[in-house]
Amino acid sequence: MTRDEAIAKLAGLVGQDLRPLADTYRVTVWKNGKKNKGWAGDVVERFLGLPANPVQGPDFGDWELKVVPLRKVGGRWQPKETMAVTMIAADNVAATPFEHSHLLDKLRSLVICGRESVSEKDDHARFVKAAAFDLGDGALYRQVQDDYESLRALIRHGGLASVTGRIGLLVQARTKGPGHGSTTRAFYARTSLVARLLRLES
DNA sequence: CTATGATCATCC
DNA sequence: GGATGATCATAG
């Protein structure tokens, strides 16, 4: 499926509640009182016909699908959270300039979707919008590159453990994983970047 | 166990 | 109230 085809298909999802779709696609939302935090993303993937897979790389060959929670603030939508982009493998990042990084792979061409977030319970979650995004080669590209190279320099000198979530204007590195003392980290897009990806301004 | 999908919970 | 660090379900 091409990116345009996906966007066209997702347009038919706008305004619909994702929650009942979770049941039709048999996506777990709650289990033993715990939430499956990625349920909305899983539902949209199934909707597009993508089976679940944990491969590090673009989901559809040359573009990446993301779903982010949105909140309505003063009549306009805003990202509720930062967005996880991809895992950091310290050795790989240390040896890889931005031009060849997984981070650029994921950001250069993506389909980003917004869904409403009413409460932690997620009784319902309307699909708000889908947008295509290309990083291009302008100021935004350079700022993301700056952030990446800052993190990369830090990893090279102090190791992955020296990285904290404070680094980076648009992209940061934070812990991610199964939890319970995990030390793995991932790149996250800060909310300001998410807003630009989704074109929430204007 | 670690990757995917992400959001939760706590601290400042 | 936002940022930082921790965590959940599932698949391979």
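All chains are named by letter (A, B, ...) in the order of the sequence lines, taking the proteins before the strands, and each is independently numbered beginning at 1. None of these values were measured; they are calculated from a predicted model.
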Checking contacts here: which listed nucleotide (dT4(C), dG2(C), dG5(C)) is nearest the side-chain heavy atoms of Arg190(A)?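 The answer is dT4(C).
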
Side chain of Ala84(A): nearest nucleotide among dG2(C), dA6(C), dA6(B)?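 Given the options dG2(C), dA6(C), dA6(B), the side chain of Ala84(A) is closest to dA6(B).
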
With axes from five pairs an end, tell me the bend angle of the helix from dC1(B)-dG12(C) to dC12(B)-dG1(C), nearest 10°.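 Computed angle between terminal axes is 30°.
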
Pairs in or reaching into residues 146-169 of chain A: which pass ring pair (Phe, Tyr, Trp, His ring centres under 6.0 Å), with residues at least two apart or in two chains?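 Of all non-adjacent pairs touching residues 146-169 of chain A, those that pass ring pair (Phe, Tyr, Trp, His ring centres under 6.0 Å) are Phe98(A)-Tyr148(A), Tyr148(A)-Phe187(A).
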
Expressed as a whole number of angstroms, how long is the span from Tyr188(A):OH to dA6(B):P?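 Going from Tyr188(A) (OH) to dA6(B) (P), I get 12 Å.
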
Heavy atoms under 4.0 Å, any strand shown: does [X] hit a base, just sugar-phosphate, or nothing?
| X | result |
| --- | --- |
| Thr82(A) | base |
| Arg115(A) | sugar-phosphate |
| Gln78(A) | nothing |

Do Thr82(A) and Arg174(A) meet the criterion of a side-chain donor-acceptor pair at a distance under 3.5 Å?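 Distance-only check passes for Thr82(A) and Arg174(A).
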
What protein N or O atoms touch nucleotides 9-12 of chain C N or O atoms at under 3.5 angstrom, if any, and at what distances?
| from | atom 1 | to | atom 2 | distance (Å) |
| --- | --- | --- | --- | --- |
| dA9(C) | OP1 | Lys31(A) | O | 3.4 |
| dT10(C) | OP1 | Thr28(A) | OG1 | 2.6 |
| dT10(C) | OP2 | Lys31(A) | NZ | 3.0 |

Looking only at side-chain N and O atoms, does Gln172(A) come under 4.0 Å of OP1 or OP2 in dA3(C)?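 Checking Gln172(A) against dA3(C): no side-chain N or O falls below 4.0 Å of OP1 or OP2.
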
Any Arg166(A) side-chain nitrogen or oxygen under 4.0 Å from OP1 or OP2 of dG5(C):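 So the side chain of Arg166(A) is within the cut-off, an N or O lying under 4.0 Å from OP1 or OP2 of dG5(C).
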
